Amino acid sequence: MEKNVPVKKIAAFLACVFLVFSVYSESISFKAAKMTGNAGENRQNTVLSGSAWVKTSDMEIYADKITLSGKDYEKVTAEGNIRGEDTKSGFSFSCGKLTFSRETGVARLQDNVNLDDKKNGVKATAGIIEYDRATETAVLQINIRLEQKNSVCTSALAVYRKNEQTLEMNGSPVVVRGKDTFRAQTIFFDLDTQEITLDGRVSGTVTEGEN
């Protein structure tokens with residue numbers, strides 16, 4: 001029997017079944033068409049490619065390629081056709097590239113990012129979104145568009161505070177609500193009360209009879 005037969009059998013086995021291991025007092029499950037790297041206790045890097053899937057206790061990610069690295073698989077990097085859900089924060093998302101630190105709880109999403117906060121009825125798109133799970137704060141950059149109820153907000157930079165349900169926008173921010181339009185250097189938007197505060201170079205149009 002050839003010496004490399006057992007290796008081939010192991011590779012085929014890893015490509016077809018779930019591998020589950022315990023780190024940070026939780027289990028991570030993952031699967032893919034192909035896996036490279038080591039799955040042992042002291043491994044440093046594991047690459048999953050081809051319909052890759054990773055699931056922790058409160059995060060699920062699908063992508064063309066997912067890399068698990070660092071001590072106890074602390075860092076998760078995903079590339080290509082990414083979609084997933086953060087059940088702890090109540091978000092679903094899609095993007096082209098993602099990095100997530102399980103230690104710090106910070107996720108960075110890039111390339112055509114879509115974020116859906118279903119609980120609060122907020123949908124956002126941007127070039128980059130960085131989300132801190134500890135503070136439940138999202139920083140949005142580049143071609144931002146956020147929709148909630150009948151309001152559409154656009155800007156170059158925004159901070160969405162999920163717990164407070166507030167949005168702070170800078171970089172030519174605009175809020176369109178029905179036929180009403182508001183512009184300023186900085187716009188503060190309370191998503192609960194729908195109250196808008198404009199600061200600096202304020203302008204806009206309000207249509208009589210519009211709510």
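As the structure is a computational prediction, the values presented were derived from the model and not from experiment.
- The nearest pair of heavy atoms linking Ala52 to Ala32 is CA-CB, 4.0 Å.
- Side-chain contact check for Met169 versus Leu167: some heavy-atom pair is nearer than 4.5 Å.
- Judged purely by atom type and a 3.5 angstrom limit, Thr87 uses its side chain to pair as donor or acceptor with the backbone of Asp58.
- Atoms CD and CG, on Glu130 and Leu109 in that order, are 9.5 Å from each other to the nearest 0.5 Å.
- The shortest side-chain heavy-atom distance between Val175 and Cys153 falls under the 4.5 Å cut-off.
- Closest of all the heavy-atom pairs between Ser155 and Asn170 is CB-O, 3.5 Å.
- Here CD of Glu164 is found 10.0 Å from CG of Asp192. Values are rounded to the nearest 0.5 Å.
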Between Tyr160 and Asn120, is the side chain to side chain contact (heavy atoms under 4.5 Å, CB included) condition met? List the steps. CA-CA 12 Å; Tyr160 172 48; Asn120 296 296; 4.0 Å; yes
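- Each of Val47, Leu48, Asn81 was checked for a side chain to side chain contact (heavy atoms under 4.5 Å, CB included) with Lys65, and the lone residue meeting it is Val47.
- Atom SG of Cys95 is separated from atom CD of Glu79 by 10.5 Å, given to the nearest 0.5 angstrom.
- Counting heavy atoms from C-beta outward, Met35 and Leu68 have side chains that stay 4.5 Å or more apart.
- Cluster annotation: Phe189 is connected to Val202 through the hydrophobic network of ILVMFWY side chains, with a link wherever side-chain heavy atoms come within less than 4.5 Å.
- Checked for salt-bridge contact, Arg102 and Glu74 miss the test: no charged N lies under 4.0 Å from a carboxylate O.
- Residues Asp132 and Thr104 approach most closely at OD1-O, 4.5 Å, considering heavy atoms.
- How far NZ of Lys88 is from CZ of Arg133: 5.0 Å, rounded to the nearest 0.5 Å.
- Taking NZ from Lys55 and CD from Glu60, the interatomic distance works out to 4.5 Å, rounded to the nearest 0.5 Å.
- Taken from OG1 in Thr205 to NZ in Lys179, the straight-line distance is 11.0 Å, to the nearest 0.5 Å.
- In the model, Glu136 has a side-chain atom that pairs as donor or acceptor with a side-chain atom of Tyr131 under 3.5 Å.
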So Ile61 and Phe93, side chain to side chain contact (heavy atoms under 4.5 Å, CB included) or not? Walk me through it. CA-CA 9 Å; Ile61 301 170; Phe93 55 85; 4.2 Å; yes
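- Using a 4.5 Å heavy-atom threshold, the side chains of Phe91 and Val122 count as separate.
- Taking each heavy atom of Ile144 and Ala126 in turn, the nearest pair found is CG1-CB, 4.1 Å.
- Inter-residue side-chain proximity for Arg177 and Ile196 is flagged as met; some heavy-atom pair is nearer than 4.5 Å.
- Qualifying ring-ring contact (aromatic ring centres under 6.0 Å, His included) partners for Phe100, counting only residues two or more places apart in sequence or in other chains: none.
- Counting only heavy atoms from C-beta outward, the side chains of Asp190 and Phe188 never approach each other to under 4.5 Å.
- The minimum heavy-atom distance linking Thr207 with Asp180 is given by the pair N-OD1, 2.8 Å.
- Looking only at side-chain heavy atoms (C-beta outward), Phe182 and Val206 come within less than 4.5 Å of each other.
- Using a 4.5 Å heavy-atom cutoff, the side chains of Arg145 and Asn143 are not in contact.
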For Thr99 and Val106, what are the C-alpha separation, side-chain angles and deciding distance, and is it a side chain to side chain contact (heavy atoms under 4.5 Å, CB included)? CA-CA 8 Å; Thr99 57; Val106 175; over 6 Å; no
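- Closest non-hydrogen pair, Leu198 versus Ser203, comes out as CD1-O, 4.5 Å.
- Using modelled atom types, one finds no donor on one side chain facing an acceptor on the other under 3.5 Å when comparing Thr125 with Asn114.
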